[in-house]
Amino acid sequence: MKKIVKTLLVSLFCLSFILAGCANDKGTGNQAGSPNASSGGNAGTAGENAVSEPGSYPIVKDKITLRVMAAQIPQVIDFNTNEFTKWYEERTNIHIEWEIVPPGNVKEKLNLVLASGDYPDVFLGLGVDDVIEAQYGVGQQVFRPLDGLIEKHMAAFKDVLQKHPAVKGRITATDGNIYSLPSWNDCFHCSFPQKMWINQDWLDKLGLQMPTTTDEFYQVLKAFKEKDPNGNGKADEIPLAGATDGWYTAIDGFLMNSFILHPGMYNPLKMIVQDGKVMSIVNTPQYKDGLAYLNKLYAEGLIYQPSFTQKIDQLKSLAANEGSVILGAFPTGASVGVIDSATNQERYRQYVTVPPLEGPDGTRQAAFFQFDAAQGGDLLISASSEYPEAAIRWADGLYEFETQYRMISGPKDVGWTTPDPGAVGLNGEPALLKRLKPYTNEPQNDGWMHAGVEYAPAEWRLGEQIEPDADLFSPEGLERLLYEETARNYQPYAPENTTVMPPIKLLAEENDELQTIRIELENYINESSVRFITGDLKPAADWDSYVQSLDNIGLKRFVEINQKAYDRQYAGN
């Protein structure tokens, strides 16, 4: 899945990188005149401790310690005592001194740490975006340029670059250097994450068909609210609910696609590209119509009121309500993120996907997030690190097959193992591994889950052993369920000439100009959309002044600069 914890916007206050002579050897990873410069030979240095050849272990002969700052995620109990942490330390001979940042405190903590000038060796899984990378990599070089280190000390990641050429374009900064290592998650079902899940048991009990239009969906939600589908004699049903921080659990994404392509909850300015033209959907007539439809649902009590403020844990509580089932439908990329398939399987199997709904003008589409496989900003090395060569070798190991599966699924022969003879994967090819434990969101201490660098090419994801007759709604059937639901209900509706805005690299001066505009626009768009849906603003009376305010803040200029950057990066592609 797509990584929920990695789409964080962070702002950093940093000291300038002032090591003498750094400009003479830019991008090599061994700045001339610095104490970290390589002494030559086939291996780099980690102080007095030479690192081993790429792909070999241990990385260093004498144990060293790297300071790593990482974001806490609820699925990991303790990074210090984690089984993967212990296994990887034994493998590499590198001890990690963790600085774990609470998930709601990443921005503030980074500000404090980087303003102090006392940097960790490695920033891991903090979702450092292109704006921050440009300012503190390209601009101040607080982050170390990695090109030379990659060439000399990485084997697994160089293989990633060879197999997936798009990765290099995604991580190359405007000065031509690489400052951050990415995750690559070639996840088929993740590329169509705006799914709606509906209670099939309720549809069956009320004699309703799967809705195919926005009007039919409205009628279904009304029936859920008024006709007691859970049969307990109480008006306790919640027709539709969402959350602000789950994986595509925002209310508007799936439904807005019936009016205009919605680029997702992690794209606050809602930018798309239509026939090569960059635009924001937030000032279009179609977006206005979509908000009016959502307001209709909300006004009639069909959308759970706290959906615009509640967190994912609260949505999970609604889905797991003790006693009667009370939740009719909810948006998310995978229902397992809302209802745990291992601990609540009976309820989990009640929910299936709703295909894209046809809107009033015939629009019916599913947003295709084709650029999301490569996620930049997942691992950066500070320019002040005493052990850059060891750090890059430590990072390289995270892209290896066994390391990835130990990191995500726990120890071999506990969480996963070699496949049975003759077993095949979802792709019909010989299976590469067999899972022994199903995916779960419950806290565990076997692996890091998705807290580090994630590398999951299609052949690995689709190479997990499947049982042809396995129950799709069992924990073991998760990957196949998501694959089949996506292939049947969403992939056929990918638009041809309109795409979600791809990642772009802005020049320093462009970033500077847009910094204030971006924040103000994001806040205004988010606030206004909720106000239109909840009825505090009226499309008929307040739309023109809303659009004028967008222009006053600078939406047109924002789009114009993004168009230049898009043309610069993607022209001819």
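Fair warning: this is a prediction, and the values are worked out from it, not measured in the lab.
Residues passing the side chain to side chain contact (heavy atoms under 4.5 Å, CB included) test with P360, sequence neighbours excluded: T214, F259. Looking at residues two or more places apart in sequence or on another chain, you find a side chain to side chain contact (heavy atoms under 4.5 Å, CB included) between A456 and N185, R461. Residues forming a side chain to side chain contact (heavy atoms under 4.5 Å, CB included) with A134 (at least two apart in sequence, or on another chain): N511. Checked against side chain to side chain contact (heavy atoms under 4.5 Å, CB included), K434 has the following partners two or more places apart in sequence or in another chain: T417, D420, Q465. Residues passing the salt bridge (charged side-chain N to carboxylate O under 4.0 Å, His left out) test with E510 are R568, sequence neighbours excluded.
Residue pairs meeting the salt bridge (charged side-chain N to carboxylate O under 4.0 Å, His left out) criterion with at least one member in residues 525-545, sequence neighbours excluded: E527-R531, R531-D536. The side chain to side chain donor-acceptor pair (under 3.5 Å) contacts involving residues 279-297 comprise nothing, where partners must be two or more places apart or lie in separate chains. A ring pair (Phe, Tyr, Trp, His ring centres under 6.0 Å) check over residues 218-244, counting only residues at least two apart or in different chains, returns the pairs W202-F224. The salt bridge (charged side-chain N to carboxylate O under 4.0 Å, His left out) contacts involving residues 183-208 comprise nothing, where partners must be two or more places apart or lie in separate chains. Note on residues 517-540: pairs passing ring pair (Phe, Tyr, Trp, His ring centres under 6.0 Å), not counting sequence neighbours, are Y524-Y546, F532-W543, F532-Y546. Screening residues 473-496 for ring pair (Phe, Tyr, Trp, His ring centres under 6.0 Å), with sequence neighbours left out, gives F188-Y483.
Under a 3.5 Å cut-off, the side chain of H262 and the backbone N or O of G264 do form a donor-acceptor pair. Of the possible donor and acceptor atoms, one in the side chain of N267 sits under 3.5 Å from a partner among the backbone N and O of M271. When atom types are taken as modelled, the side chain of N344 and the backbone of D340 share no donor-acceptor pair closer than 3.5 angstrom. Listed for the Q404 side chain is a donor-acceptor partner under 3.5 Å among the backbone atoms of Y455. Formation of a donor-acceptor pair under 3.5 Å by the Q314 side chain with backbone atoms of K311 is found in this model. Judged by distance alone, with hydrogens and angles left aside, the side-chain atoms of Q310 form a donor-acceptor pair with the main-chain N or O of G242 at under 3.5 Å. Side-chain N or O atoms of D245 include one that pairs as donor or acceptor with a backbone N or O of I312 at under 3.5 Å. Q444 contributes a side-chain N or O that, together with a main-chain N or O of G447, makes up a donor-acceptor pair within less than 3.5 Å. Using a distance-only test at 3.5 Å, with no hydrogens or angles considered, no donor-acceptor pair links the side chain of Q375 to the main chain of S183.
Here the NZ atom belonging to K109 is positioned 12.0 Å from the CG atom belonging to L126, to the nearest 0.5 angstrom. Annotation: the span from I260 atom CD1 to T363 atom OG1 amounts to 8.5 Å, rounded to 0.5 Å. Expressed to the nearest 0.5 Å, how far CE of M69 lies from CD1 of I100 amounts to 9.5 Å. For the atom pair CG (L462) and CD (E479), the distance works out to 7.0 Å, reported to the nearest 0.5 Å. Note: L472 CG to D469 CG = 10.5 Å, rounded to the nearest 0.5 Å. Atom CD1 in I533 sits 9.5 Å away from atom CG in L297 (nearest 0.5 Å).
Other residues, nucleotides and ligands contribute over 12 non-hydrogen atoms within 6.0 Å of the CD atom of E442.
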>> For N199 and Q350: C-alpha separation, side-chain torsions, deciding distance, then whether side chain to side chain donor-acceptor pair (under 3.5 Å) applies.
In response: CA-CA 5 Å; N199 192 311; Q350 294 183 22; 3.0 Å; yes

>> Working note: F79 + Q72, criterion side-chain contact (heavy atoms from CB on, under 4.5 Å); need CA distance, chi angles, decisive distance, verdict.
In response: CA-CA 9 Å; F79 282 95; Q72 179 66 54; 4.1 Å; yes

>> One pair to check against side chain to side chain donor-acceptor pair (under 3.5 Å): N526 and E522. What are the steps and the verdict?
In response: CA-CA 6 Å; N526 180 63; E522 288 178 3; over 6 Å; no

> After noting the C-alpha distance and the side-chain angles of F369 and C190, does the key distance pass the side-chain contact (heavy atoms from CB on, under 4.5 Å) rule?
Replying inline: CA-CA 8 Å; F369 290 76; C190 301; over 6 Å; no

>> Apply side-chain contact (heavy atoms from CB on, under 4.5 Å) to residues Q274 and N497 and explain how you reach the verdict.
In response: CA-CA 6 Å; Q274 193 168 61; N497 301 316; 5.8 Å; no

> Does the pair E216 and T212 meet the rule for a side chain to side chain donor-acceptor pair (under 3.5 Å), with working shown?
Replying inline: CA-CA 6 Å; E216 289 176 3; T212 60; 2.8 Å; yes

>> Could you go through F558 and R518, starting from their C-alpha distance and side-chain angles, then the distance that decides it, and tell me whether this counts as side-chain contact (heavy atoms from CB on, under 4.5 Å)?
In response: CA-CA 8 Å; F558 190 93; R518 178 186 294 105; 3.9 Å; yes

>> side chain to side chain donor-acceptor pair (under 3.5 Å) for N230 and D236? Distances and angles first, verdict last.
In response: CA-CA 9 Å; N230 65 14; D236 57 354; 3.0 Å; yes

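Ion pairing between a basic and an acidic side chain is recognised when a charged N comes within 4.0 Å of a carboxylate O; E484 and R480 show such pairing. R349 and E346 are not joined by a salt bridge, as no carboxylate oxygen comes within less than 4.0 angstrom of a charged side-chain nitrogen. Salt bridge absent: K225 and E237 never bring a charged side-chain N and a carboxylate O closer than 4.0 Å.
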N/O donor to acceptor pairs below 3.5 angstrom from side-chain atoms of residues 322-338, sequence neighbours left out:
residue : atom : partner : partner atom : Å
S324    : OG   : N232    : ND2          : 3.2
T332    : OG1  : W247    : O            : 3.0

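Checking N427 against E459 by side-chain atom types alone, no donor-acceptor pair falls below 3.5 Å. Between the side chains of R364 and S258, no donor-acceptor pair is found at a separation under 3.5 Å. Inspection of the T213 and D215 side chains reveals no N or O donor paired with an N or O acceptor under 3.5 Å.
At a threshold of 4.5 Å between non-hydrogen side-chain atoms, the residues F368 and V500 do not count as touching. With a 4.5 Å cut-off on side-chain heavy atoms, I339 and K316 do not count as touching. Considering only heavy atoms from C-beta on, W448 stays 4.5 Å or farther from I408 through its side chain. Side-chain contact between I272 and I281 is present, with at least one heavy-atom pair separated by less than 4.5 Å. You'll find the side chain of M210 reaches within 4.5 Å of the side chain of L203, heavy atoms only. Counting heavy atoms from C-beta on, the side chains of N562 and M501 come closer than 4.5 Å. Side-chain contact between F308 and I251 is present, with at least one heavy-atom pair separated by less than 4.5 Å. Here the side chains of E513 and R557 are in contact, with some heavy-atom distance below 4.5 Å.
A perpendicular orientation is assigned to the rings of Y248 and Y266, their planes being inclined by more than 60° (bins at 30° and 60°).
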